[in-house]
Amino acid sequence: MNIAICDDNPKMIGQIETLLLSFFEDDPNQFSYEAFLSGESLVDHLTKEESVFQLYLLDVEMKSLDGFEVARFIRERDQQAIIIFITSHVEWMPEAFEVNAFHYLIKPVDEVKVKQVLMKALEQFSLRKMILQFTIKKKVYTVYLGQVEYFESMKRKMVLHLKNGKEYEYYGTMKEVIDKVSPQLFTQVHHSYVINMDYVQMKSGETIVMRSGREIAITKKFNQSFQRAYRNYVLKRTKG
């Protein structure tokens with residue numbers, strides 16, 4: 001896991017670095033990190049470099065370019081990155097939902113709390129790295145489930161819709177999909193649709209709007225199970 005730390009306080013960066021090293025001490029090769037002393041320096045790095053971070057630890061109250069602005073820039077490029085805010089003002093956190101933040105940490109950061117949040121982030125990252133294999137014209141394809149926005153059933157075929165807009169059509173059943181995917185990340189909302197909750201923007205009436213702008217119908221039969229699954233999805237990330 002590649003991690004970016006962004007805070008304009010060198011002391012805070014040092015504290016986060018120490019906590020990361022402690023958290024990954026049993027397997028230090030499991031992560032790498034880079035530190036940035038301003039929102040501008042992180043944005044500049046992301047603009048110029050090809051390196052990809054899976055996890056961002058962003059201070060909210062930075063001068064000039066604050067954490068929310070940096071997060072919005074990240075989301076324009078990466079809908080899947082895990083964003084954790086660090087802040088002294090819990091009352092600002094509702095704005096975090098706009099950029100689908102994973103969690104937040106309150107200053108002064110608590111070691112136990114940091115490790116709890118990092119554990120949840122690692123679990124989420126592992127879920128996204130699970131793979132799906134399918135065959136099209138005798139050729140085997142492999143995709144990460146975290147890249148799948150939703151599955152669509154069409155007669156005897158499944159259509160795989162990826163977050164980048166690509167689609168794959170292969171022979172398969174909805175039952176096979178449901179048996180394969182994790183209920184912590186995916187839920188069925190219609191006899192023809194299974195969605196990735198990472199990409200849900202909002203629910204409006206009988207429609208679920210995905211972050212790509214795609215609209216998915218939700219039927220009465222699955223409405224209650226969706227509400228329960230999405231509530232558990234949110235609580236798993238924020239509880240503790």
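Please read all numbers here as calculations on a predicted model, not as lab measurements. For reference, positions follow the sequence shown, starting with 1.
The number of heavy-atom neighbours closer than 6.0 Å to CZ of Phe68, taken from other residues, nucleotides and ligands shown, is above 12. Counting heavy-atom neighbours within 6.0 Å of Arg156 CZ, excluding the residue itself, gives a total of 12 or less.
With sequence neighbours excluded, no residue satisfies salt bridge (Lys or Arg N to Asp or Glu O under 4.0 Å) with Lys180. For Thr87, the side-chain hydrogen bond (donor to acceptor under 3.5 Å, both in side chains) criterion is met by Glu61, not counting sequence neighbours. Annotation: salt bridge (Lys or Arg N to Asp or Glu O under 4.0 Å) contacts of Glu123 (sequence neighbours excluded): Lys236. With sequence neighbours excluded, the residues satisfying salt bridge (Lys or Arg N to Asp or Glu O under 4.0 Å) with Asp44 are Lys48. Listed by chain and number, the residues in a side chain to side chain contact (heavy atoms under 4.5 Å, CB included) with Ser182 are Leu127, Gln184 (sequence neighbours excluded). Under the ring pair (Phe, Tyr, Trp, His ring centres under 6.0 Å) criterion, Phe24 pairs with Phe31, not counting sequence neighbours. Looking at residues two or more places apart in sequence or on another chain, you find a side chain to side chain contact (heavy atoms under 4.5 Å, CB included) between Ser32 and Asn2.
Residue pairs meeting the side chain to side chain donor-acceptor pair (under 3.5 Å) criterion with at least one partner in residues 165-176, sequence neighbours excluded, are Lys157-Glu169, His161-Glu167, Lys175-Asp179. Within the structure, ring-ring contact (aromatic ring centres under 6.0 Å, His included) contacts touching residues 203-227 (residues at least two apart or in different chains) are Phe226-Tyr230. For residues 201-221, the salt bridge (charged side-chain N to carboxylate O under 4.0 Å, His left out) pairs, not counting sequence neighbours, are Glu149-Arg214. Within the structure, the salt bridge (charged side-chain N to carboxylate O under 4.0 Å, His left out) test picks out the following pairs touching residues 126-147 (sequence neighbours left out): Arg128-Asp198. Among pairs with a residue in residues 8-21, none fulfils salt bridge (charged side-chain N to carboxylate O under 4.0 Å, His left out), at least two apart in sequence or across chains.
Taking the six-membered ring for Trp and thresholds of 30 and 60 degrees, Phe53 and His45 have ring planes inclined between 30 and 60 degrees apart.
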